[in-house]
Amino acid sequence: MTFQDLSTKKKIEHIWIYYRVHMGLTLLVVVILVSWIYNAKFKLHKDLYSGVAILSYHLPDDYTDTLYDKINSRLGLTDTNSEVTINYFYDDESEVDFMASMLEKFAAMLLTGDVNIMIMDKDSMAEYAAEDYLLDLSTVYSEEELKQMEEEGLLLSSESELVPEGKYYAICLKNSALMAELPNYDEEENYIGIFGAVEDAEKPKDVVDILISAQKTELLPAVQADS
């Protein structure tokens with residue numbers, strides 16, 4: 001008996017048995033895309049000052065994201081029409097293909113410019129640097145600043161076909177007072193870099209400076225933020 005000879009009910013059962021995984025994955029991708037398009041194109045939101053992506057870390061659901069509040073407060077963006085966004089990309093072992101959906105979202109945000117600062121472990125950062133995805137930090141930091149960071153053991157550098165002499169591409173977060181406030185976050189093993197395709201590197205640099213700083217950042221009063 002061929003598929004065409006089956007009753008409608010049997011055809012549905014056959015399709016469900018053999019294609020339910022593919023259908024589920026397709027539905028998941030559609031939901032992610034629809035959600036992203038809605039948030040990007042239709043949902044009212046502030047203009048993007050800079051976008052931060054923190055990989056392999058899940059902010060606890062019951063924890064208020066003070067990192068978002070403190071960065072925006074430090075930059076004086078509170079109560080303005082601009083903001084620095086923080087996105088967390090993590091794995092959930094209880095959900096099949098969860099990490100794949102997270103990486104799809106991350107890649108989409110990189111392509112659309114919604115993320116221009118990446119925070120991840122040393123090995124992952126090196127992979128992105130090898131593909132020349134990361135900004136050469138010498139374009140936004142002075143030679144003196146880079147020398148000081150290198151002496152403190154904070155910099156990652158690499159060579160590539162495009163830049164054979166090597167370049168600095170990421171800064172260790174081990175001195176970061178703000179990242180140290182995140183619950184169970186290992187700031188000493190993670191680095192921060194700027195996406196190389198960013199049009200205006202000065203804005204993400206402002207955010208990087210806050211995130212690598214050992215100085216604690218308190219929330220500014222609304223009046224001070226407006227000044």
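The figures here come from the full heavy-atom set of this structure, side chains too, leaving out hydrogens, waters and symmetry mates.
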Contact check, side chains of L67 and L59, non-hydrogen atoms, under 4.5 Å: no
Exam field: side chain T80 to backbone L77, donor-acceptor pair closer than 3.5 Å: yes
To the nearest 0.5 Å, how far apart are CE in M118 and CG in N190? 13.0 Å
Exercise: identify the closest heavy-atom pair between A53 and V115: CB-CG1, 3.6 Å
Indicate every side-chain donor-acceptor pair of residues 194-202 with a distance under 3.5 Å to a residue at least two apart or in another chain.
| from | atom 1 | to | atom 2 | distance (Å) |
| --- | --- | --- | --- | --- |
| D200 | OD1 | E202 | N | 3.2 |

For residues 119-129, which side-chain N or O atoms pair as donor and acceptor with protein atoms under 3.5 Å away, sequence neighbours left out?
| from | atom 1 | to | atom 2 | distance (Å) |
| --- | --- | --- | --- | --- |
| D121 | OD1 | D123 | N | 3.1 |
| D121 | OD1 | S124 | N | 3.0 |
| D121 | OD1 | S124 | OG | 3.3 |
| D121 | OD2 | S124 | OG | 2.9 |

Point-to-point distance, once rounded to the nearest 0.5 Å, from CE of M99 to CE of M102: 8.0 Å
Can you measure from CG (D69) to OG1 (T78) and round to the nearest 0.5 angstrom? 7.5 Å
In L135, I192, I86, V84, the residue satisfying side chain to side chain contact (heavy atoms under 4.5 Å, CB included) with I117 is I192
If I compare all heavy atoms of E152 with all of L154, which pair ends up nearest, and what's the gap? OE1-CD1, 3.2 Å
What side-chain donor-acceptor pairs closer than 3.5 Å can you find for residues 175-182, not counting sequence neighbours?
| from | atom 1 | to | atom 2 | distance (Å) |
| --- | --- | --- | --- | --- |
| S176 | OG | M179 | N | 3.0 |
| S176 | OG | L211 | O | 2.5 |
| E181 | OE1 | K70 | NZ | 3.0 |
| E181 | OE2 | K70 | NZ | 3.2 |

If I take atom SG from residue C172 and atom CD from residue E187, how far apart are they, to the nearest 0.5 angstrom? 8.5 Å
How far apart are the closest heavy atoms of Y191 and A170, and which atoms are they? CB-CB, 4.0 Å
Start with the C-alpha gap between N72 and Y49, add the side-chain angles, then the distance that decides, and say whether side chain to side chain donor-acceptor pair (under 3.5 Å) holds. CA-CA 9 Å; N72 283 281; Y49 185 90; over 6 Å; no
Ring pair (Phe, Tyr, Trp, His ring centres under 6.0 Å) with Y168: which residues, sequence neighbours excluded? none
Under 3.5 Å, is there a donor-acceptor pair linking the side chains of D186 and Y57? no
Could you check if a side-chain atom of T85 sits within less than 4.5 angstrom of a side-chain atom of V52, using non-hydrogen atoms only? no
What distance do F89 atom CZ and S56 atom OG have between them, rounded to the nearest 0.5 Å? 11.0 Å
May I ask you to check whether E145 and S142 show a side-chain donor-acceptor distance below 3.5 Å? yes
Could you work out, with ring pair (Phe, Tyr, Trp, His ring centres under 6.0 Å) as the rule, every residue matching Y90, not counting sequence neighbours? H58, F98
Least distance between heavy atoms, N116 atom then P204 atom: OD1-CB, 3.8 Å
When you compare the side chains of D136 and Y141, does any donor N or O come within less than 3.5 Å of an acceptor on the partner? no
Separation between CG (L146) and CE (M149), nearest 0.5 Å, reads 4.5 Å
Pair L55-F106, side chain to side chain contact (heavy atoms under 4.5 Å, CB included): steps then yes or no: CA-CA 9 Å; L55 276 71; F106 173 56; 4.0 Å; yes
For N87, which residues count as a side-chain hydrogen bond (donor to acceptor under 3.5 Å, both in side chains) partner, sequence neighbours excluded? none
Any salt bridge linking K167 with D132? Criterion: basic side-chain nitrogen under 4.0 Å from a carboxylate oxygen. yes
